[in-house]
Student: 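Dumping the structure here so I can ask a few things about it.
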Amino acid sequence: QVQLVESGGGLVQPGGSLKLSCAASGSIFSINAMGWYRQAPGKQRELVALISSGGRTNYTDSVKGRFTISRDNAKNTVYLQMNSLKPEDTAVYYCNADRIVEYKGPARYDVWGQGTQVTVST
């Protein structure tokens, strides 16, 4: 069964950096767009960054210039490099794939990882 597994979260001081990874497991033929979302306590989940299968990227305004999304299609993995972190970046970060095609079985849509906590604090 297809799964998305995030890693790389943790505690970092303001101004620091973290790199999140999200690996898709299973018998995967292709993955369309992948993205990172985050949810802070008491707030709705919001989009952070998207990357198409061809590498086109989009970012929410608050992270432009600080975060970089990338992917390695051969490894079915998406990354989020986060620099100049701020306390307001504190949230659970979730990985998403909008469509995953496996070698066998139907395509899977809107697949989510379990989330990884990022805390920016002194």
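Counting begins at 1 with the first residue of the sequence.
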Student: Testing the 3.5 Å rule here: is there a donor-acceptor pair between the side chains of R56 and N58?
Tutor: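 No, no side-chain donor-acceptor pair sits under 3.5 Å.
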Student: May I ask you to decide if V101's main-chain N or O and S30's side chain share a donor-acceptor pair within less than 3.5 Å?
Tutor: no
Student: How long is the straight-line distance from OG1 of T57 back to CZ of F67, given to the nearest 0.5 Å?
Tutor: 14.0 Å
Student: Do R99 and D110 meet the salt-bridge criterion of a basic N to acidic O distance under 4.0 Å?
Tutor: no
Student: Does V12 form a side chain to side chain contact (heavy atoms under 4.5 Å, CB included) with T119? I'd like the steps, not just the answer.
Tutor: CA-CA 6 Å; V12 64; T119 302; over 6 Å; no
Student: Should the pair R45 and Y94 be classed as cation-pi, given the thresholds of under 6.0 Å to the six-membered ring centre and 45° from the axis?
Tutor: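 Here R45 passes the 6.0 Å and 45° test against Y94.
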Student: Nearest 0.5 Å, please: how far is OG in S70 from NZ in K19?
Tutor: 5.5 Å
Student: Specify the closest pair of heavy atoms between V63 and V48, including all atoms of both residues, with the distance to one decimal.
Tutor: CG2-O, 3.8 Å
Student: I need the minimum non-hydrogen distance between I31 and A24, along with the two atoms involved.
Tutor: CD1-CB, 3.8 Å
Student: Which pair of non-hydrogen atoms, one from G9 and one from V118, has the smallest distance, and what is that distance?
Tutor: CA-CG2, 4.2 Å
Student: Report the distance from atom CD of E6 to atom OG of S21, rounding to the nearest 0.5 Å.
Tutor: 10.0 Å
Student: Taking C-beta and beyond as the side chain, do V120 and T90 meet within less than 4.5 Å on heavy atoms?
Tutor: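 Touching, per the 4.5 Å side-chain cut-off.
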Student: Should L50 and L4 be regarded as members of a common hydrophobic cluster, given that ILVMFWY residues are connected when their side-chain heavy atoms come within less than 4.5 Å of each other, either directly or indirectly?
Tutor: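 No.
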Student: Anything under 30° is parallel, anything over 60° is perpendicular, the rest tilted; go ahead and classify F29 against Y103.
Tutor: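 Because their plane-to-plane angle is over 60°, the rings of F29 and Y103 count as perpendicular.
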Student: Let me have the donor-acceptor pairs involving side chains of residues 76-88, under 3.5 Å, with sequence neighbours excluded, atom names and distances please.
Tutor:
from: T77; atom 1: OG1; to: K75; atom 2: O; distance (Å): 2.9
from: Q81; atom 1: NE2; to: N83; atom 2: OD1; distance (Å): 2.9
from: N83; atom 1: OD1; to: S17; atom 2: OG; distance (Å): 2.9

Student: Would you name the heavy atoms of A33 and R71 that are closest together and state the gap between them?
Tutor: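 Taking every non-hydrogen atom into account, CA-NH1, 4.1 Å.
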Student: Between Y59 and I69, is there a donor-acceptor pair closer than 3.5 Å when you use the side chain of the first and the backbone of the second?
Tutor: yes
Student: K104 and S27: side chain to side chain contact (heavy atoms under 4.5 Å, CB included), yes or no, with the steps?
Tutor: CA-CA 8 Å; K104 292 183 179 180; S27 182; 6.0 Å; no
Student: Let me confirm one number: the OG-CE distance from S53 to M34, rounded to the nearest 0.5 Å.
Tutor: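 One finds 11.0 Å between OG of S53 and CE of M34.
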Student: Hey, mind stepping through S121 and L11 against side chain to side chain contact (heavy atoms under 4.5 Å, CB included) and telling me if it holds?
Tutor: CA-CA 7 Å; S121 175; L11 173 65; 4.2 Å; yes
Student: Rounded to the nearest 0.5 Å, what's the gap from CG on L20 to CZ on R38? Could you check?
Tutor: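 Result: 11.0 Å between the selected atoms.
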Student: Between D89 and R66, which heavy-atom pair has the shortest distance, and what is it?
Tutor: OD2-NH1, 2.8 Å
Student: Determine whether a donor-acceptor pair (N or O, by modelled atom type, separation under 3.5 Å) exists between the side chain of Q39 and the backbone of V92.
Tutor: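 Such a contact is absent between Q39 side chain and V92 backbone.
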Student: May I ask you to test the W36-C22 pair for a side-chain heavy-atom distance under 4.5 Å?
Tutor: yes
Student: Assert yes or no for the condition that the ring centre distance of W112 to Y37 is strictly below 6.0 Å.
Tutor: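 Here the rings of Y37 and W112 have centres that are less than 6.0 Å from each other.
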Student: So which atom in Q117 and which in A91 form the shortest heavy-atom distance, rounded to 0.1 Å?
Tutor: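 Smallest heavy-atom distance, with atoms named: NE2-O, 3.4 Å.
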Student: Flag the pair T122 / P14 as yes when at least one side-chain heavy-atom distance between them is below 4.5 Å, and no otherwise.
Tutor: yes
